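Quick note: residue numbers are just sequence positions, from 1. Since the structure is predicted, the reported quantities are computational estimates derived from the model, not experimental observations.
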Amino acid sequence: MSSDRLMRIHSDEFRAMADRVLRATELTTRLNVLPFDDDAAKAELFEQILGRPLPPRVTIYPPFYTDHGHNLELAERVFINQNCTFLDYAGIRLGERVMVGPKATFITVGHPVDPEERRGWLSGAPIDVAENVWIGAGATILPGVSIGRDAVVAAGAVVTEDVPAASLVTGSKATVHRRW
């Protein structure tokens, strides 16, 4: 799914995506019940989840959740704390030395806002996180967001727009943007 792309629900593409979601859920369920010190089994399951081995010096503390896995690109020395969620169908890239706090959520898919289209379509856009970024605990990163090098996303922040390099973003204020 490319930037701002729509996918019709119940299409062949949707069915293939749904099959991958079921497989990724099966694999993450197995991962999340392993003993913490079973590094070999964790590495094997991460390879199946991501479709490739983890890069060098990547640390991921389970529980870990993804709806696809194959579109999650992790650079070297990424750290992901426990209970994070990556809905990566449209693609998520974490650059080198990114740190992700517990319970952070990255979402690349959603639905159109229009009520007539909401049940018939999925929308999506990729997330790109540059090098040396810190994502605080409980932060939510929404579709289409890019986060610049050395930026910090504060705990609990909801990121709906691009974050400039070497900046701090905070807050979760919801505001009315339109009505129907």
Side-chain angles (χ1 to χ4, degrees), residues 1-36 38-55 58-75 78-95 98 100-129 133 135 137-147 153 157-160 172:
M1 189 180 271
S2 63
S3 178
D4 299 324
R5 183 161 170 230
L6 292 175
M7 177 196 321
R8 182 175 287 287
I9 294 175
H10 303 301
S11 66
D12 290 341
E13 183 182 15
F14 178 84
R15 281 187 281 283
M17 188 261 319
D19 288 344
R20 178 60 197 163
V21 168
L22 292 175
R23 178 67 176 144
T25 301
E26 172 194 339
L27 293 169
T28 56
T29 299
R30 290 174 38 206
L31 171 76
N32 293 335
V33 296
L34 285 174
F36 186 77
D38 193 345
D39 292 333
K42 286 192 298 188
E44 180 181 324
L45 282 169
F46 274 121
E47 185 169 347
Q48 291 178 53
I49 291 165
L50 301 175
R52 61 199 167 284
L54 283 175
V58 166
T59 300
I60 302 174
Y61 289 158
F64 169 87
Y65 303 96
T66 183
D67 69 338
H68 200 268
H70 288 177
N71 295 324
L72 178 56
E73 180 185 334
L74 305 174
V78 164
F79 174 81
I80 298 171
N81 213 321
Q82 54 193 346
N83 211 21
C84 291
T85 300
F86 296 84
L87 303 185
D88 66 303
Y89 186 73
I92 298 170
R93 184 188 80 84
L94 301 183
V98 166
V100 180
K103 296 186 180 180
T105 302
F106 295 73
I107 302 171
T108 66
V109 295
H111 295 272
V113 174
D114 184 300
E116 298 300 317
E117 296 178 354
R118 194 175 302 153
R119 287 186 175 23
W121 297 88
L122 286 179
S123 61
I127 294 170
D128 185 65
V129 180
V133 167
I135 307 292
T140 301
I141 316 301
L142 295 178
V145 167
S146 291
I147 300 174
V153 175
V158 178
V159 183
T160 63
S172 60

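Here the CG atom belonging to Leu142 is positioned 6.5 Å from the OG1 atom belonging to Thr160, to the nearest 0.5 angstrom. Atom CZ of Arg23 and atom CG of Asp67 lie 15.0 Å apart (nearest 0.5 Å). Rounding to the nearest 0.5 Å places CZ of Arg20 at 6.0 Å from NE2 of His68. Rounding to the nearest 0.5 Å gives a distance of 12.5 Å between CZ of Phe64 and CG of Asn81. Remark: Thr85 OG1 to Lys103 NZ distance equals 10.5 Å, nearest 0.5 Å. In this structure, the separation between CG on Leu22 and CG on Leu27 is 11.0 Å, given to the nearest 0.5 Å.
No donor-acceptor distance shorter than 3.5 angstrom exists from the side chain of Arg8 to the backbone of Trp121, with no hydrogens or angles considered. In this structure, the side chain of Arg93 does not engage the main chain of Leu74 through any donor-acceptor pair within 3.5 Å.
At a threshold of 4.5 Å between non-hydrogen side-chain atoms, the residues Glu47 and Arg52 do not count as touching. Counting heavy atoms from C-beta outward, Met17 and Leu122 have side chains that approach closer than 4.5 Å. Between Asn83 and Tyr65, the closest side-chain pair of non-hydrogen atoms falls below 4.5 Å. Contact annotation: the side chain of Val78 never approaches that of Pro55 to less than 4.5 Å [non-hydrogen atoms, C-beta and beyond]. You'll find the side chain of Leu94 reaches within 4.5 Å of the side chain of Phe86, heavy atoms only.
In terms of heavy-atom proximity, Leu6 sits nearest to Pro112 at CD2-CG, 4.1 Å. In terms of heavy-atom proximity, Val158 sits nearest to Ser172 at CG2-CB, 3.7 Å. Here the closest non-hydrogen pair linking Val98 and Gly95 is CG2-O, 3.0 Å. The two residues Gly124 and Ala90 come nearest to each other via the heavy atoms C-CB, 4.2 Å. Annotation for Thr108 and Tyr89: closest pair OG1-N, 3.3 Å, computed over non-hydrogen atoms. For Ile9 against Arg119, the heavy-atom pair with the smallest separation is CD1-O, 3.3 Å.
With respect to Thr66, the side chain to side chain donor-acceptor pair (under 3.5 Å) criterion is satisfied by exactly one of Asp88, Asn71, Thr25, Thr28: Asp88. With respect to Phe106, the side-chain contact (heavy atoms from CB on, under 4.5 Å) criterion is satisfied by exactly one of Val159, Leu87, Thr140, Val100: Val100.
Atom CD of Gln48 has more than 12 heavy atoms from other residues, nucleotides or ligands within 6.0 Å.
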Please walk me through it: do Ile147 and Ile135 pass side chain to side chain contact (heavy atoms under 4.5 Å, CB included)? CA-CA 10 Å; Ile147 300 174; Ile135 307 292; 3.8 Å; yes
Dump the intermediate steps for side chain to side chain contact (heavy atoms under 4.5 Å, CB included) on Lys42 and Ile60, then the final yes or no. CA-CA 10 Å; Lys42 286 192 298 188; Ile60 302 174; over 6 Å; no
